[in-house]
2 protein chains.
Amino acid sequence: MPTKPASLNIDDELSAQVDQSELLGLLGYNVRRAYLVIQTHFDAQMEKLDLRQADFAVLSMLRSNPGINQKALAEALAIAPPNLATLLDRLESSGLLGRQRSTDDKRIQLVSLTPQGVKLHTQALKAAQKADEAALHQLSAGEREQLKRLLSKIFAG
Amino acid sequence: MPTKPASLNIDDELSAQVDQSELLGLLGYNVRRAYLVIQTHFDAQMEKLDLRQADFAVLSMLRSNPGINQKALAEALAIAPPNLATLLDRLESSGLLGRQRSTDDKRIQLVSLTPQGVKLHTQALKAAQKADEAALHQLSAGEREQLKRLLSKIFAG
DNA sequence: TATTGTTATACTCTATAACTATA
DNA sequence: TATAGTTATAGAGTATAACAATA
């Protein structure tokens, strides 16, 4: 190694000698970086329950909307129908939900949680709230509400 | 089709008869949905320039930090070194950047934009700003600053 | 003909292990 | 031994086309 002491090495502890101001000036990049942090906390929490992000979203929707059909579920969660189909296959195999053909229109599958699914959702919601807390501990309650309001203007906009 | 008129079909135009309140109560989910919207605008802009998200981030960093090494670049952008290596291969093949072995330490690659890379970055920055604008048109200048501040508290934590 | 859901498939993104060359 | 970078590869997430069943 050259004669430079480690403590003066530009790329190490003191690091961040790099100029990221252009990227940080773009809101899209800030959203991306924040999303990566939140994802990490969320995944860490859900790993214990063997659930992925989309799995939790589905469990949550089914809890609040029992008997929802797959088209409505796919639209609400912005999941492509083929990907939802295989996701539901997996959760159904795990005994978390059931699918029932509508008698009105036999093309339609009505999806509901099993009691086991309800139980897991209850645990998963607590885990999701913990992940939120871990990622957002720097923000006050007011800041969290403000952030939620601003974000929802982007996607509900 | 049953006798229901289309205009009363729960899953159609009026739709959103679904309860998403639990998910929307989680900040992580709000960040995710906002990120998806921003991604869409960003990708649409970058498609014209044949650039992906990470490509733009690299061009931006190289513009502000010419001669940065790959380790520092990978760390700053949170890209795994193997993925950065192949990304740089591609941009180098396209004539956008060059890699030069450091004479001090021959393990290190120093990366810089070519004049063509500088030119493309200039266009790409404008495109990124357009994408920001398109995604954030609902927010006032003050709200955008506020949002940036709150997001950076999450990832700069 | 149009719609719901499925199957098969492909493409991108991300992550990991093993290697090289240098130190 | 440790580090910078590379290669190869595998996995997850996402997207599209073609199909079956039903309307």
Side-chain angles (χ1 to χ4, degrees), chain A residues 1-4 6 9-13 15 32 35-36 39-40 42-44 46-47 50-58 67-75 77-90 92-93 97 99-111, chain B residues 1-6 9-13 15 32 35-36 39-40 42-44 46-47 50-58 67-90 92-93 97 99-111:
Chain A
M1 195 188 282
T3 48
K4 260 185 294 183
N9 191 323
I10 289 181
D11 304 331
D12 277 15
E13 310 76 33
S15 86
R32 174 176 165 80
Y35 175 60
L36 292 179
Q39 238 188 346
T40 301
F42 189 89
D43 292 349
M46 290 299 160
E47 194 181 14
D50 200 26
L51 290 174
R52 309 175 194 176
Q53 295 182 33
D55 297 345
F56 170 71
V58 165
I68 190 174
N69 68 65
Q70 293 187 199
K71 183 177 197 293
L73 188 55
E75 272 174 16
L77 296 179
I79 298 177
N83 299 329
L84 180 61
T86 55
L87 186 161
L88 293 177
D89 285 347
R90 182 166 44 79
E92 190 172 24
S93 302
L97 57 85
R99 283 188 270 197
Q100 194 178 7
R101 288 270 164 209
S102 163
T103 48
D104 285 14
D105 182 339
K106 289 187 208 153
R107 292 172 303 184
I108 292 177
Q109 295 265 48
L110 305 173
V111 192
Chain B
M1 196 187 281
T3 48
K4 261 183 294 181
N9 191 322
I10 290 181
D11 303 331
D12 278 12
E13 309 76 33
S15 86
R32 175 176 165 79
Y35 176 60
L36 292 179
Q39 238 188 347
T40 302
F42 189 90
D43 292 348
M46 290 299 159
E47 195 182 14
D50 199 27
L51 289 175
R52 308 176 195 175
Q53 293 183 34
D55 296 345
F56 170 70
V58 165
I68 191 175
N69 68 63
Q70 295 188 198
K71 184 176 196 293
L73 187 55
E75 272 174 15
L77 296 179
I79 299 177
N83 300 330
L84 180 60
T86 55
L87 186 161
L88 292 178
D89 285 347
R90 182 165 45 77
E92 191 171 24
S93 302
L97 57 85
R99 283 187 268 197
Q100 193 178 8
R101 288 272 164 208
S102 163
T103 48
D104 284 14
D105 182 339
K106 290 189 206 150
R107 291 172 303 181
I108 292 178
Q109 296 264 48
L110 306 174
V111 192

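Note that the structure is a prediction, hence the values are computed from the model and not measured. Sequence lines set the chain letters: A, B, ... in the order given, protein chains first and strands last, and positions in each chain run from 1.
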Atom [atom1] of [X] to atom [atom2] of [N]: distance rounded to whole Å?
X: B:E75; N: D:dA4; atom1: CD; atom2: C1'; value: 11 Å
X: A:I79; N: D:dT16; atom1: CD1; atom2: P; value: 16 Å
X: B:L51; N: C:dC13; atom1: CG; atom2: P; value: 12 Å
X: A:L84; N: C:dT4; atom1: CG; atom2: P; value: 13 Å
X: A:D89; N: C:dG5; atom1: CG; atom2: C1'; value: 10 Å
X: A:Q53; N: D:dT14; atom1: CD; atom2: P; value: 8 Å
X: A:R107; N: C:dG5; atom1: CZ; atom2: C1'; value: 10 Å
X: A:I108; N: D:dA23; atom1: CD1; atom2: C1'; value: 10 Å

Does any non-hydrogen side-chain atom of B:V58 lie less than 4.5 Å from one of B:L87?
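The answer is yes, as the side chains (C-beta and beyond) meet within the 4.5 Å cut-off.
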In the structure I gave you, are the side-chain heavy atoms of A:L84 and A:L73 within less than 4.5 Å of one another anywhere?
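Side-chain contact under 4.5 Å: yes.
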Can you pull out every side chain to side chain donor-acceptor pair (under 3.5 Å) where at least one residue sits in residues 80-90 of chain A? Sequence neighbours excluded, please.
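Applying side chain to side chain donor-acceptor pair (under 3.5 Å) to every pair that reaches into residues 80-90 of chain A, excluding sequence neighbours, yields A:D55-A:R90, A:D89-A:R99.
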Across nucleotides 14-19 of chain C, 5' to 3', mark each nucleotide with B, S or - according to how protein heavy atoms within less than 4.0 Å reach it.
BBBB--
Of the listed nucleotides (C:dT6, C:dT4, C:dA23), which one gets closest to any side-chain atom of B:D105?
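Nearest to the side chain of B:D105 among the choices is C:dA23.
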Side chain of A:R99 (C-beta onward), nearest among D:dG5, C:dT6, D:dT22:
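Between D:dG5, C:dT6, D:dT22, the one nearest the side chain of A:R99 would be C:dT6.
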Between CG of B:L36 and OH of A:Y35, what distance do you get to the nearest 0.5 Å?
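Output value for this atom pair is 6.5 Å.
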For B:A85, side-chain contact (heavy atoms from CB on, under 4.5 Å) partners two or more places apart:
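Result, side-chain contact (heavy atoms from CB on, under 4.5 Å) vs B:A85: none returned.
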Does A:R101 reach the main-chain N or O of A:R107 with its side chain, forming a donor-acceptor pair under 3.5 Å?
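Yes; judged by distance alone, with no hydrogens or angles, the pair exists.
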Determine: side-chain N/O of B:Q70 to OP1/OP2 of D:dT6, distance under 4.0 Å, yes or no.
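Checking D:dT6 against B:Q70, a side-chain N or O does come within under 4.0 Å of OP1 or OP2.
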